[in-house]
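Taking it in order: structure first as structure tokens, then the write-up.
Whatever order the structure lists ligands and atoms in, that order sets their numbers, starting from 1.
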Amino acid sequence: MIPSEVAPAGETVRSGATLTVDLAAVVANWKTLAQRAAPARTAAVVKADAYGLGMAPVARALARAGCNTFFVALAEEGRALRAVLDRAEIYVFVGALSDAEAELMVAHRLMPVLNDRGQIERFAAFARTRGARLPCAIHVDTGMNRLGLSLREADALIRDPAPLAGLDVKLVMSHLACGNDADEPLNERQRAAFASVAPKIAPGAALSLANSGGIFLGAGFHFDLVRPGAAIYGLAPINGRPNPMRSVVRLTAPIVQVRDIDTPGTVGYGATHRIGQNAKIAVVSVGYADGYGFSLGNRGHALLGSVRLPVVGRISMDLITLEASDVPAGLLKPGAEIELLGPTLTADDIARTAGTIGYEVLTRLGPRLRRRYVGGETAS
Ligand SMILES: *Cc1c(COP(=O)(O)O)cnc(C)c1O
């Protein structure tokens, strides 16, 4: 039973937030990137459940649009993706960390990205036990100092390629530390280092350097294959520049109660926001358990139609409170849909307010959200 002050007679309010993912926009973004990168090929990075949006529907839509190379972070993600796409090439960034993961690579036709000398030696030894040349990628670190062979280790491998016997190196890659920052001189240093070292590691292998941002740094960054993630999902590829990508996600939630404040006081946990008489508060069914970040308390805002409503008080686990004193009474009622994230209030905007990055805003969108996919196979 829904209490009457929550749902006026005759109206049904369904609580909880809904994430709407526009698969047509996902495909349009991938095609925009592919055009920009051509003649280089364009892969898709679908790690972390396609940045929180749902790996299976996203990967299916992209495969149908012509994408046939995918990257995930973990072997388990690769296994899940293989269950969805029977024919695609799938690379696993973290590589094969054990014989069990190497088995997984073979069983599901995944290709590990080998990130250090130890990984190369172990995967080559595993290949010998199988009596097969196993496909893989080699990662060279050109300035990120995270994963990948150091330039010295890469040089050693070029002088003595014996450790690669038994491996079928399909791809040599590196990763930009500042690909989203067009003015950062490290980009050109990484490009030059990659161009001089990568082709000698495994002659004939495809070369790949660019993430989303790298695609916009110029053709010199494209090599044979580009690896966008963020821009496919609508995030801005280059910080501080107009975003050429289409909006992909919308997060909405209903008002579950409208409070007319008759006594001045405070709102929410910790009593962090003072409120006067005659104010109105809209209570909305979304919270940090859905991925609506705690740091948006007293800082974020949301939209009721085109009216901006500031978040007041702390974010609760399941609820937020919006200052709605100026909203015309007819609009403000239980069941009215509040937009928390969408084309005019983007993940990048929210990230700036919350002190994080759009990537985190997307990947935090929680498992409790109701998910709706539009613009997919039935529509096209
Ligand atoms: C996540 C990732 C990408 C994709 O980066 P975006 O900035 O999301 O385009 C590409 N390459 C590697 C190695 C990654 O880890």
Side-chain angles (χ1 to χ4, degrees), residues 26 29-34 36-37 40-53 55 58-59 62 67 69-75 77-78 81 89-95 110-116 119 136-149 170-182 184 186-187 190-191 194 198 206-217 221-241 243-246 248-249 346-348 351 356-365:
V26 166
N29 286 341
W30 181 79
K31 285 183 174 167
T32 297
L33 297 167
R36 182 130 199 153
R41 288 187 299 123
T42 299
V45 179
V46 295
K47 62 194 179 192
D49 202 25
Y51 291 42
L53 306 191
M55 184 172 71
V58 163
L62 289 174
C67 180
T69 303
F70 291 82
F71 289 85
V72 293
L74 312 178
E77 293 175 337
L81 182 57
E89 292 185 330
I90 302 174
Y91 288 99
V92 177
F93 282 138
V94 170
L110 310 174
M111 295 181 279
V113 176
L114 304 175
N115 291 296
D116 60 40
Q119 274 195 342
C136 62
I138 302 277
H139 187 172
V140 185
D141 192 331
T142 52
M144 177 90 167
N145 285 311
R146 197 179 61 175
L147 291 177
L149 296 173
K170 300 277 193 201
L171 182 76
V172 177
M173 60 166 269
S174 188
H175 193 39
L176 296 170
C178 307
N180 302 10
D181 182 351
E184 172 54 60
L186 180 56
N187 289 326
Q190 287 196 260
R191 191 204 61 77
F194 186 67
L207 305 180
S208 177
L209 176 63
N211 69 333
S212 296
I215 294 171
F216 293 82
L217 296 178
F221 285 80
H222 296 166
F223 295 92
D224 300 312
L225 180 76
V226 297
R227 309 185 309 270
I232 296 175
Y233 311 112
L235 298 178
I238 299 286
N239 299 335
R241 284 210 199 145
N243 183 356
M245 312 319 296
R246 269 175 61 178
V248 168
V249 290
T346 66
D348 290 315
T356 178
I357 53 176
Y359 296 68
E360 194 190 33
V361 171
L362 292 185
T363 53
R364 272 203 187 175
L365 292 169

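Not a single donor-acceptor pair under 3.5 Å links the side chain of Asp49 to the backbone N or O of Tyr51. The closest donor-acceptor contact from the side chain of Asn29 to the backbone of Arg246 lies under 3.5 Å. No donor-acceptor pair closer than 3.5 Å links the side chain of Ser208 to the backbone N or O of Met173. Using modelled atom types, one side-chain atom of Asn187 and one backbone atom of Cys178 make a donor-acceptor pair closer than 3.5 Å. Looking at Gln119, its side chain does come within 3.5 Å of a backbone N or O of Val94 through a donor-acceptor pair. Of the possible donor and acceptor atoms, one in the side chain of Trp30 sits under 3.5 Å from a partner among the backbone N and O of Ala43. Remark: the backbone N or O of Ala351 is not paired with any side-chain donor or acceptor of Glu360 at under 3.5 angstrom.
Annotation: Asn180 places no N or O atom under 3.5 Å from an N or O atom of ligand 1; distance criterion only. Backbone and side-chain nitrogen or oxygen atoms of Gly213 are examined, and none is located within less than 3.5 angstrom of a nitrogen or oxygen of ligand 1. The N/O atoms of Val45, backbone and side chain alike, include none that comes under 3.5 Å of an N/O atom in ligand 1.
Here the heavy atom of the protein found nearest to atom 9 (O) of ligand 1 is Ser212 OG, 2.5 Å. Nearest protein heavy-atom neighbour of atom 7 (O) of ligand 1: Tyr359 OH, 2.6 Å. Annotation: atom 5 (O) of ligand 1 to nearest protein heavy atom, Asn211 CB, 3.4 Å.
Within the 4.0 Å heavy-atom shell around ligand 1 one does not find Phe71. Remark: distances from the non-hydrogen atoms of Tyr233 to ligand 1 are all 4.0 Å or more. Distances shorter than 4.0 angstrom occur between a heavy atom of Met173 and an atom of ligand 1. The closest approach between any non-hydrogen atom of Arg146 and ligand 1 is below 4.0 Å.
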Q: In sequence, state the C-alpha distance, the side-chain angles, and the governing distance for Leu171 and Val113, and then conclude on side-chain contact (heavy atoms from CB on, under 4.5 Å).
A: CA-CA 9 Å; Leu171 182 76; Val113 176; 5.8 Å; no
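The Pro228 neighbourhood of ligand 1 comprises atoms 9 (O), with distances under 4.0 Å to a heavy atom of that residue. Less than 4.0 angstrom separates some heavy atom of Lys47 from each of these atoms of ligand 1: 1 (C), 2 (C), 3 (C), 14 (C), 15 (O). Residue Ala230 approaches ligand 1 through these ligand atoms, each under 4.0 Å from one of its heavy atoms: 6 (P), 8 (O), 9 (O). Atom numbering of ligand 1 starts at 1 in the shown order; those under 4.0 Å from a heavy atom of Tyr51 are 1 (C), 4 (C), 5 (O), 6 (P), 8 (O).
Considering only heavy atoms from C-beta on, Phe93 stays 4.5 Å or farther from Leu147 through its side chain. The shortest distance between side-chain heavy atoms of Leu362 and Leu235 falls below 4.5 Å.
With a heavy-atom cut-off of 4.0 Å, Arg227 touches ligand 1 through backbone and side chain alike.
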